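Here's the structure, in structure tokens; my notes come after.
As the structure is a prediction and not an experimental result, all values here were calculated from the model. A note on names: the letters A, B, ... follow the listed sequences, proteins ahead of strands, and every chain is numbered from 1.
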There are 2 protein chains.
Amino acid sequence: MPSPTVENYLKALFQLAVPERGVSTRELAGRLLVKDASVTHMLKRLSGTGMVSYEPYRGATLTPEGRQAATAVLRRHRILELFLHRMCRLSLDKVHAEAERLEHAASEDFVDALDRLMDFPTLDPHGDPIPDREGRLRGIDSRPLTDIPPGARVVLVRVEDARPEALTYLVSEGLVPGRKVTVARRLDFDGSVELQLGRRRLMLARELAEGIHVTPDEGSAE
Amino acid sequence: MPSPTVENYLKALFQLAVPERGVSTRELAGRLLVKDASVTHMLKRLSGTGMVSYEPYRGATLTPEGRQAATAVLRRHRILELFLHRMCRLSLDKVHAEAERLEHAASEDFVDALDRLMDFPTLDPHGDPIPDREGRLRGIDSRPLTDIPPGARVVLVRVEDARPEALTYLVSEGLVPGRKVTVARRLDFDGSVELQLGRRRLMLARELAEGIHVTPDEGSAE
DNA sequence: GCCGAACTTTAGATTCCCCTAAACTTCCTT
DNA sequence: AAGGAAGTTTAGGGGAATCTAAAGTTCGGC
Ligand SMILES: [Mn+2]
Ligand SMILES: [Mn+2]
Ligand SMILES: [Mn+2]
Ligand SMILES: [Mn+2]
């Protein structure tokens, strides 16, 4: 059984992966909040166990086994998050930290039981897809708020959970998956976006707007 | 935040405690499946942090802070066990191992949410009392099967979860909390007990019978 | 009161995971 | 084609938790 630390490395490697390129030492170190030297050390170890293919100075990639282990962690994480939010009523900005710990302790059996209890959901409470048991994950077509032309009416489908304080703020403004908003303005010089929320207007810095993914609101004519 | 290992030591110290006597190094080592030398090492560390009072060669006792931390772990453990059994349908002989890991990852908030979800239960699925938030735990008056005179009709209130294989066997025989049975015979020379289970009779070795706690069946006249 | 068995601690090593500081590689810019 | 900045690895060390082997303590039985 891989340690929590190893599971976190694998998950990060999976989430930072871009086709055709290895994930760099620095990138991983940044994500995991450890020093570069620690990452190098761990990559060698993971490479030794066959989870990662690693070429010094060239970055690392998951092997098929590593990928499977990584998506298993991601599946546990997201099912746990949804359970914590939907059934335990923990707020959207708290579930990530809790799931971050539970994901390493929860067995497949337990997580499958939660999955059944919630009737086999496909999205976590932040709008991220839940991998199936084989590690496949369905992409959702959505675009970041920063790509939407002014005037468009959209539905939030995903609100990234990377920076907890950012998420806390967005939750406090009601900007959670499912919420409908209108894009009022886009400031091209800094990439910030102004939203119309009912009668209020809210300015979002680019950083924030980039983490909010939306689709056109084709629903209820209102 | 104490590590999982430290939490396990505190919990064991709490559960092995007998009034007026320190818990011995060997006893702890046996319970935690580590060597005596490892226990000595840890006891010094715990003594340094004020969780344990430890006198070399004389055993160890929890301080008030240590006791509080220990009962908090026990509370998490038992609420998780009940949740896994009652809501996730995991079998009685599997919940302990799962809770043993989750207890170190689950926050008080999460566990309190489960507690509410299950309407503030007082007993775990093995019949052990769930400590309240202050660490108080209600004793249940029951006696081990080995103390019951032949002919008595009794209700199982507690089935110890120490040895997993034993529990698996008892579950397979339907010997779970709530089950009513009649004591058929008691073999004084080895302490084993024969039960009448409907039309079947079942012989239980002393080892097993000692871990089954019962009260007189005052319920339904049948 | 002593002696040995049972128990406990000490000493020294190992694994995992992290750190800092120094050396090394890569690759962009001039 | 350097030269240097950015990125990476190596070297050396530390804390947590474990182990084995050896030394020390306690205590019941004679
Ligand atoms: Mn994690
Ligand atoms: Mn999420
Ligand atoms: Mn445990
Ligand atoms: Mn239990």
* Kindly say if A:Y54 contacts the phosphate of D:dT8, meaning a side-chain N or O under 4.0 Å from OP1 or OP2. => no

* Asked: Between A:M1 (CE) and C:dT15 (P), how many Å, whole number?
  -> 21 Å

* **Members of residues 16-36 of chain B that approach DNA chain C, where some heavy atom sits under 4.0 Å away** => B:S24, B:T25, B:R26, B:D36

* Whole angstrom value for the distance that separates P of D:dC19 from CE of B:M42 -> 11 Å

* Salt bridge flag under 4.0 Å for residues B:E210 and B:R206 -> yes

* Within the structure, does a side-chain N or O atom of A:Y9 lie under 4.0 Å from either OP1 or OP2 of C:dC16? -> no

* Separation of atom CG in A:L43 from atom P in C:dC16, rounded to whole Å -> 16 Å

* If you check every side-chain atom of A:H41, which of D:dT8, C:dC18, D:dT18 has the closest atom? -> C:dC18

* Asked: Hey, is B:D128 close enough to B:R158 for a salt bridge, meaning N to O under 4.0 Å?
  -> yes

* Asked: What pairs of residues pass the salt bridge (charged side-chain N to carboxylate O under 4.0 Å, His left out) test when at least one of them lies in residues 133-142 of chain A, not counting sequence neighbours?
  -> A:D112-A:R133, A:D132-A:R136, A:E134-A:R136

* To do: Decide whether A:S192 and A:D190 meet the rule of one side-chain donor and one side-chain acceptor closer than 3.5 Å.
  => yes

* What nucleotide among C:dC27, D:dT18, C:dC19 has an atom nearest to a side-chain atom of A:R58? -> C:dC27

* N-O pairing of A:R76 and A:E7 below 4.0 Å -> yes

* Asked: Which residue pairs pass the ring-ring contact (aromatic ring centres under 6.0 Å, His included) test with at least one member in residues 57-97 of chain B, sequence neighbours excluded?
  -> A:F83-B:F83, B:H77-B:H96

* Among C:dT25, C:dT10, C:dT20, find the nucleotide with the atom closest to the side chain of B:K44. => C:dT10

* On DNA chain C, nearest-nucleotide positions of A:A37 versus A:S3: which is more 5'? -> A:S3

* **Candidate nucleotides C:dC18, C:dT10, D:dT18, ranked by approach to the side chain of B:T5 - the nearest** => D:dT18

* To do: Answer yes when A:E103 and A:K11 have at least one side-chain N-carboxylate O distance shorter than 4.0 Å, and no when they do not.
  => yes

* Taking CG from A:N8 and P from C:dC16, how many angstroms apart are they, rounded to a whole number? -> 17 Å

* **Below 4.0 Å: OP1/OP2 of D:dT9 and any side-chain N or O of A:T40** => yes

